[in-house]
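I have placed the structure first, in the form of structure tokens, so that the comments after it can refer back to it.
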Amino acid sequence: MRIDVVTIFPGYLAPLREALLGRAIAAGLIDVRVHNLRDWTRDVHQAVDDAPYGGGPGMVMRPQVWGEALDDVLGDEPARLIVPTPAGVPFTQATARRWKDEPRLVFACGRYEGIDQRVVDEYASRMPVEEVSIGDYVLVGGEVAVLVMVEAVARLLPGVLGNPQSAEQDSFSDGLLEGPAYTRPVVWRGREVPAVLRSGDHGAIARWRRDRALERTAKRRPDLLAALPEDALDQRDREF
Ligand SMILES: COc1cccc(Cn2ccc3ccc(-c4cc(N)[nH]n4)cc32)c1
């Protein structure tokens with residue numbers, strides 16, 4: 001997969017080069033290219049923003065610079081353009097699973113109050129464009145959202161995670177939240193690991209883990225429980 005990121009703060013994307021993701025990039029599993037939007041400005045001030053038509057607080061990013069940059073970065077290679085915004089469709093694990101098979105993702109990181117809408121309209125006329133939110137809170141720009149989405153997608157790519165089973169069995173894969181996890185020592189500050197996890201009874205362990213996941217989901221995310229398909233819960237599950 002090739003990933004391009006266009007931003008006025010390239011340094012914000014440096015964490016992609018660290019740790020697991022950094023190793024996957026170094027191994028050529030992912031080709032990540034970060035571009036500075038200001039490289040496509042033509043004025044001495046390298047202006048990328050202007051006052052909003054219709055008034056209102058803050059500034060909006062100008063369409064011309066974005067058009068020059070995206071035309072250049074996109075070239076003739078087909079891609080999916082992703083624009084982070086608080087006003088976007090929620091990014092979920094299902095989104096990450098859908099994007100993991102894409103040959104190329106291009107992320108447009110806005111700042112200020114966002115990017116002139118005509119940029120999205122222009123590229124949506126010739127390619128898939130998704131305006132996406134990573135949560136119901138407002139960031140200062142799209143870069144952190146891109147870090148989140150790139151990590152969520154990259155970990156699903158073959159060879160990126162040491163243990164591919166983690167991606168298949170992680171939270172949300174069965175629609176439930178992950179239950180509690182434990183490791184050594186057996187007792188820590190007087191708190192003991194649940195005995196069932198040390199019993200060697202894999203059936204009992206699987207049931208215990210599902211019960212804890214159901215309990216946690218019912219308590220913290222009843223919306224996920226309500227969204228499960230009819231046949232996802234058996235009679236025993238419904239006790240939570
Ligand atoms: C566009 O409307 C905006 C209104 C007020 C502030 C901002 C700031 N801002 C600029 C670009 C940008 C990109 C993404 C996000 C963002 C995404 C999520 N989930 N939260 N915040 C925020 C961004 C934008």
Side-chain angles (χ1 to χ4, degrees), residues 3-16 21 32-41 43 45-74 79-100 102 104-125 127-156 170-172 177 220-221 223-224 227:
I3 293 175
D4 289 90
V5 186
V6 183
T7 167
I8 57 172
F9 294 118
Y12 243 91
L13 282 299
L16 289 179
L21 228 47
V32 176
R33 304 182 196 189
V34 180
H35 312 272
N36 188 333
L37 179 69
R38 292 198 198 274
D39 292 350
W40 284 274
T41 56
D43 62 310
H45 302 295
Q46 297 196 308
V48 293
D49 64 305
D50 203 339
Y53 274 117
M59 304 292 272
V60 175
M61 298 190 94
R62 303 167 61 211
Q64 304 96 321
V65 187
W66 274 104
E68 307 248 341
L70 289 175
D71 284 350
D72 230 0
V73 168
L74 286 164
R80 179 171 295 270
L81 177 63
I82 297 149
V83 183
T85 167
V89 172
F91 174 80
T92 65
Q93 190 66 18
T95 319
R97 279 198 292 265
R98 179 163 56 85
W99 288 351
K100 74 173 173 62
E102 289 287 335
R104 192 181 179 202
L105 300 176
V106 177
F107 290 91
C109 294
R111 281 269 157 167
Y112 306 99
E113 298 298 305
I115 303 170
D116 186 299
Q117 189 60 40
R118 290 169 292 181
V119 175
V120 164
D121 300 344
E122 162 71 3
Y123 290 94
S125 67
M127 61 194 289
V129 178
E130 298 189 47
E131 293 184 85
V132 181
S133 163
I134 61 163
D136 293 339
Y137 39 80
V138 183
L139 301 168
V140 181
E143 289 79 6
V144 167
V146 170
L147 289 174
V148 165
M149 296 188 280
V150 167
E151 181 165 310
V153 173
R155 68 184 287 276
L156 300 177
D170 66 6
S171 267
F172 306 102
L177 298 183
R220 297 180 183 175
R221 291 294 303 276
D223 59 302
L224 290 179

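Counting starts at 1 for both ligands and their atoms, following the listed order.
With hydrogens and angles ignored, the 3.5 Å screen pairs no side-chain donor or acceptor of Tyr137 with any backbone N or O of Pro86.
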Q. Between Val89 and Glu130, is a side-chain contact (heavy atoms from CB on, under 4.5 Å) present by the stated rule, with each step listed?
A. CA-CA 8 Å; Val89 172; Glu130 298 189 47; over 6 Å; no

Q | Working for side-chain contact (heavy atoms from CB on, under 4.5 Å), residues Glu143 and Arg111 | A | CA-CA 9 Å; Glu143 289 79 6; Arg111 281 269 157 167; 2.9 Å; yes

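In plain terms, the two heavy atoms of Val60 and Asp116 that are nearest each other are CG1-N, 3.6 Å.
With values rounded to the nearest 0.5 angstrom, Ile3 atom CD1 is found 10.0 Å from Leu13 atom CG.
Using cut-offs of 30° and 60° on the angle between ring planes, the pair Phe107 and Trp99 is perpendicular.
Protein residues having at least one heavy atom under 4.0 Å from any atom of ligand 1 are Pro84, Thr85, Pro86, Gly110, Arg111, Tyr112, Glu113, Gly114, Ser133, Ile134, Gly135, Tyr137, Val138, Leu139, Val140, Gly141, Gly142, listed by chain and number.
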